[in-house]
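To start, the structure under review is shown below, and the notes come after it.
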Amino acid sequence: MTKDLKEHISELELVQTTDPDNEKPVYRRPGFDGIATFGELDDRLGEALRRCRQKQGLSRADIAILVGLSEQVYGRYERNSSKMTVSRLIHLSEVLGASPLSMLFSTAPHLWGKSEVEAERRFRIMKLLEDLPAETMASVTTLLETVAVLQAKAGET
């Protein structure tokens, strides 16, 4: 293992682990409850998909029609008996009117912060930003860029 790779692992706080779906050791960032298996992450994503569908008041048959699948095939995504591709997640987000970030957050919130509180705050900010009108977004973007510059300057001193 090269020095650069060791530094990368350290910077991202990755730990070596094994997963039933992978023959070789893998490096993962622990979640708030430890390291979830890939299967557990897929289960959480399927559950998030189900919640989004139900929130829209749609049946599995309804969604299946919208995405060009049989109800049985679509149901496999919610039950995690079929793996979902990124392009399928994007398509499902389109027809559900749901943010893929919302589904990913419920699957792996630790990607948004080092603590549950930090992750929840970042996610709340993202949700607020999603709902802002375009003209307001320009002002918010300028504000956040200014804050980022000030933070960077403060870090240099």
List the steps, then state whether side chain to side chain contact (heavy atoms under 4.5 Å, CB included) holds for L69 with R76.
-> CA-CA 11 Å; L69 298 171; R76 290 180 196 150; over 6 Å; no

On a heavy-atom basis, the closest approach of P25 and Q16 is CB-NE2, 3.1 Å

Shortest non-hydrogen contact from M103 to C52?
-> CG-SG, 3.9 Å

Counting only heavy atoms not in R29, do more than 12 fall under 6.0 Å of its CZ?
-> yes

Report yes if the side chains of L45 and L49 come closer than 4.5 Å at any heavy-atom pair, otherwise no.
-> no

Check whether any side-chain N or O of T141 sits under 3.5 Å from a backbone N or O of M137 as a donor-acceptor pair, and report yes or no.
-> yes

Run the salt-bridge test on E40 and R44 with the 4.0 Å N-O cut-off and return the result as yes or no.
-> no

ring-ring contact (aromatic ring centres under 6.0 Å, His included): which pairs involve residues 105-157, sequence neighbours left out?
-> F105-W112, F105-F123

With side chains defined as the heavy atoms from C-beta onward, is the minimum distance between Q56 and D62 less than 4.5 Å?
-> no

Of all pairs that satisfy ring-ring contact (aromatic ring centres under 6.0 Å, His included), the ones with a partner from residues 55-92, not counting sequence neighbours | none

May I ask you to test the R28-L41 pair for a side-chain heavy-atom distance under 4.5 Å?
-> yes

Heavy atoms of other groups near E7 CD, more than 12 under 6.0 Å | yes

Please tell me if the side chains of M126 and S99 come closer than 4.5 Å, counting only heavy atoms from C-beta onward.
-> no

Salt bridge (Lys or Arg N to Asp or Glu O under 4.0 Å) with E130: which residues, sequence neighbours excluded?
-> K127

So how far is it from E78 CD to M84 CE, rounded to the nearest 0.5 Å?
-> 8.5 Å

Out of curiosity, R122 CZ to L101 CG, how far, rounded to the nearest 0.5 Å?
-> 13.5 Å

Would you name the heavy atoms of N80 and K83 that are closest together and state the gap between them?
-> OD1-NZ, 3.8 Å

Quick note, ring-ring contact (aromatic ring centres under 6.0 Å, His included) partners involving residues 17-59, not counting sequence neighbours, are none

Linking Ile, Leu, Val, Met, Phe, Trp and Tyr through side-chain heavy atoms less than 4.5 Å apart, which residues share a cluster with V86?
-> I90

List, by chain and then residue number, the residues other than V15 in its hydrophobic cluster (Ile/Leu/Val/Met/Phe/Trp/Tyr, side-chain heavy atoms under 4.5 Å); write none if there are no others.
-> I35

Taking it one step at a time, do L111 and L104 satisfy side chain to side chain contact (heavy atoms under 4.5 Å, CB included)?
-> CA-CA 9 Å; L111 296 177; L104 293 176; over 6 Å; no

Which atom of E71 lies closest to which atom of A61, heavy atoms considered = OE1-CB, 3.5 Å

Could you state whether V147 and V140 fall into the same hydrophobic cluster, counting links through intermediate Ile, Leu, Val, Met, Phe, Trp or Tyr residues with side-chain heavy atoms under 4.5 angstrom apart?
-> no

Can R124 and E120 be counted as an ion pair, charged N to O under 4.0 angstrom?
-> no

Kindly indicate, with the supporting measurements, whether the criterion side chain to side chain contact (heavy atoms under 4.5 Å, CB included) is fulfilled by T18 and N22.
-> CA-CA 7 Å; T18 57; N22 196 335; over 6 Å; no

Are more than 12 heavy atoms from other residues, nucleotides or ligands located less than 6.0 Å from atom NZ of K55?
-> no

Value rounded to 0.5 Å, distance of CG in L92 from CD1 in I63 | 7.0 Å

Would V67 and V95 count as a side chain to side chain contact (heavy atoms under 4.5 Å, CB included) if you check the C-alpha gap in whole Å, the side-chain angles of each, and the deciding distance to 0.1 Å?
-> CA-CA 8 Å; V67 295; V95 301; 3.8 Å; yes

Crowded around E23 CD? As in, over 12 foreign heavy atoms under 6.0 Å?
-> no

With the side chain counted from C-beta on, respond yes when T37 and D21 share a heavy-atom pair under 4.5 Å apart, and no when they do not.
-> no

